[in-house]
Peer 1: 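Have a look at this one.
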Amino acid sequence: MVKKEWWAAYGFILPAAITLLLLVTYPLVYGAYISFFNTNLVNKWNFVALSNYVDIFSTFQFVGNIIMTLKYTLLTVLGHFAIGIVLALILNMKLPGITVFRTILILPWLLPEVVVGLLWKWLFNPMYGLFNDFLLRLHVIDDPVSWLGDASYAFIAIVIVCVWKGYPMVMMMVLAGLQSISQDTYEAAKIDGCNRLQSFRYVTLPGLLPVIVVTLILDTVWWFKHFTMIWLLTEGGPGDATNVVSIDIFKQAFQFFDYGKAAAMAVIVFFVCFLIGFLYRRLFGNDND
């Protein structure tokens, strides 16, 4: 009887296990395998061992792209959490019409990235963009600014767009965490003499910590390897002003057709993302770990 229950359990997890093997494990292993070859993925498979990795670290370009990506990710994630937590605290209040505001504020996350990228590209357009028109009318600027074509502005413009696109995820995760905290805990803290600030410090934050850690890991990894928005807006330009690591990998694979080197870069990015998640868990892990 016990064996039958075991087989039933294995039968239930088998579809999920097969899906993970096909969609996650196999691509990871195959990508790592490709990184040891100079290949066109068809009829050219020259084994080069670690040459691709040596080439990557023999110049500062890839390391510089990693540093730029970390900077971009840091600013984007900070923006997500600054806006997302504040909005979550507001949306958790019992205010009239709060459901309507929740629906409106989550719209950026629901819109496809291609739509968001093209929308903001039109807004930033130097000739007929809304931002230039608005600033010219206010006499803040005298001439149209090429927001995405000027290295001085392109990076900040990219961060602004990605913050706008991504804050709803943090907002909804934190809001769900806030609503999962029992009101009895707040009542007990109030009886013990805690004011609102102390209740936030000793009740809200500890209750939100597991949600914040998971959200922080997901958000950081997602935007560290993000590609779509940056490619649509600047394609990594002007120059290398927004050439984050995902753009560099794409160019190596589909412009220079150096699939082995692109795969090696992707393997490095995988380990960087793994390290980020590990460090977050070590720094912000709780007693349930």
Side-chain angles (χ1 to χ4, degrees), residues 69-113 115-117 119-120 123-124 130-131 134-135 140 147 153 155-190 194-224 226 228-230 233 276-277 279-281 283-286:
T69 307
L70 288 171
K71 179 183 175 183
Y72 153 78
T73 305
L74 175 64
L75 293 174
T76 301
V77 172
L78 284 176
H80 289 167
F81 274 81
I83 297 173
I85 290 176
V86 170
L87 290 177
L89 291 171
I90 296 172
L91 294 178
N92 195 45
M93 299 176 182
K94 296 180 179 179
L95 301 173
I98 201 68
T99 304
V100 177
F101 285 103
R102 288 179 183 176
T103 304
I104 294 172
L105 291 172
I106 202 176
L107 284 178
W109 184 253
L110 298 178
L111 291 173
E113 292 181 349
V115 174
V116 173
L119 172 66
W120 279 89
L123 291 174
F124 282 127
L130 182 63
F131 292 148
F134 183 72
L135 294 174
V140 176
W147 302 104
Y153 303 110
F155 184 81
I156 297 300
I158 291 294
V159 171
I160 291 172
V161 175
C162 293
V163 168
W164 183 84
K165 169 63 177 170
Y167 80 82
M169 197 265 293
V170 176
M171 178 186 74
M172 296 307 296
M173 292 285 283
V174 174
L175 179 60
L178 287 170
Q179 294 181 343
S180 68
I181 300 175
S182 174
Q183 291 299 316
D184 295 338
T185 310
Y186 287 107
E187 292 295 333
K190 188 176 181 180
C194 289
N195 55 34
R196 287 189 176 183
L197 184 61
Q198 290 172 325
S199 294
F200 182 79
R201 166 67 180 83
Y202 295 107
V203 178
T204 305
L205 282 182
L208 283 178
L209 186 59
V211 174
I212 288 177
V213 171
V214 172
T215 306
L216 188 59
I217 293 173
L218 293 175
D219 201 45
T220 302
V221 171
W222 175 261
W223 292 99
F224 183 87
H226 193 70
T228 310
M229 205 77 65
I230 303 173
L233 291 171
I276 289 172
L279 290 176
Y280 277 155
R281 296 296 296 176
L283 289 173
F284 303 109
N286 52 53

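Keep in mind that this is a model prediction, so the values were computed, not measured. For the single chain, residues carry numbers from 1 onward in sequence order. The analysis underlying the following values was restricted to heavy atoms, covering all of them including side chains, and did not include hydrogens, waters or symmetry mates.
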Peer 1: Sequence neighbours left out, what passes ring-ring contact (aromatic ring centres under 6.0 Å, His included) with Y153? Give chain and number order.
Peer 2: W147

Peer 1: Say you draw a straight line from CD1 of I181 to CG of L208; how long is it, rounded to the nearest 0.5 Å?
Peer 2: 4.5 Å

Peer 1: By side chain to side chain donor-acceptor pair (under 3.5 Å), which residues pair with T228, not counting sequence neighbours?
Peer 2: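 Checked T228 against side chain to side chain donor-acceptor pair (under 3.5 Å); matches are E113.
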
Peer 1: Given the rule in the side-chain contact (heavy atoms from CB on, under 4.5 Å) test, do V77 and F224 qualify, once you have shown the distances and angles that lead to the verdict?
Peer 2: CA-CA 10 Å; V77 172; F224 183 87; over 6 Å; no

Peer 1: Does any pair with a residue in residues 206-223 pass side-chain hydrogen bond (donor to acceptor under 3.5 Å, both in side chains), and if so which ones, sequence neighbours excluded?
Peer 2: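 Residue pairs passing side-chain hydrogen bond (donor to acceptor under 3.5 Å, both in side chains), neighbours aside: H80-D219, D219-W223, T220-Y280.
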
Peer 1: Are any non-hydrogen side-chain atoms of I98 and L91 less than 4.5 angstrom apart?
Peer 2: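 The answer is yes, as the side chains (C-beta and beyond) meet within the 4.5 Å cut-off.
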
Peer 1: Between P210 and P206, which heavy-atom pair has the shortest distance, and what is it?
Peer 2: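 Here P210 and P206 meet closest at CD-O, 3.7 Å.
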
Peer 1: Measure the shortest side-chain to side-chain distance between F101 and L87 over non-hydrogen atoms and say whether it is less than 4.5 angstrom.
Peer 2: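 In short, these two side chains do not touch, never coming nearer than 4.5 Å.
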
Peer 1: Looking at side-chain heavy atoms only, is the closest gap between R102 and L175 below 4.5 Å?
Peer 2: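 Counting from C-beta outward, R102 and L175 do come under 4.5 Å.
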
Peer 1: To the nearest 0.5 Å, how far apart are CG in L135 and CZ in F131?
Peer 2: 8.5 Å

Peer 1: Please report the interatomic distance OG1(T69) to CG(L74), rounded to the nearest 0.5 Å.
Peer 2: 12.5 Å

Peer 1: Can you find a pair of side-chain heavy atoms, one from L209 and one from L205, that are under 4.5 Å apart?
Peer 2: no

Peer 1: Got a sec, which pairs hit side-chain hydrogen bond (donor to acceptor under 3.5 Å, both in side chains) with one end in residues 173-183, sequence neighbours left out?
Peer 2: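 Every pair satisfying side-chain hydrogen bond (donor to acceptor under 3.5 Å, both in side chains) with a residue in residues 173-183: there are none.
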
Peer 1: Atom CD1 in I156, atom CG in L75: separation rounded to 0.5 Å?
Peer 2: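 With rounding to 0.5 Å, CD1 (I156) is 6.5 Å from CG (L75).
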
Peer 1: Please output the side-chain donor-acceptor pairs of residues 197-204 that fall under 3.5 Å, not counting sequence neighbours, one pair per line with the distance.
Peer 2:
{"unit_1": "Q198", "atom_1": "OE1", "unit_2": "N195", "atom_2": "N", "d": "3.1"}
{"unit_1": "S199", "atom_1": "OG", "unit_2": "N195", "atom_2": "O", "d": "3.0"}
{"unit_1": "T204", "atom_1": "OG1", "unit_2": "Y186", "atom_2": "OH", "d": "2.7"}

Peer 1: Kindly compute the distance separating CH2 (W120) from CD1 (I158), expressed to the nearest 0.5 Å.
Peer 2: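 These two atoms lie 11.0 Å from each other.
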
Peer 1: Measuring from F124:CZ to L119:CG, what's the distance to the nearest 0.5 Å?
Peer 2: 10.0 Å

Peer 1: Please table the atom pairs, donor to acceptor, closer than 3.5 Å between any side-chain atom in residues 159-172 and protein atoms at least two apart or in another chain.
Peer 2:
{"unit_1": "K165", "atom_1": "NZ", "unit_2": "P108", "atom_2": "O", "d": "2.9"}
{"unit_1": "K165", "atom_1": "NZ", "unit_2": "W109", "atom_2": "O", "d": "3.3"}
{"unit_1": "K165", "atom_1": "NZ", "unit_2": "L111", "atom_2": "O", "d": "2.4"}
{"unit_1": "Y167", "atom_1": "OH", "unit_2": "L105", "atom_2": "O", "d": "3.1"}

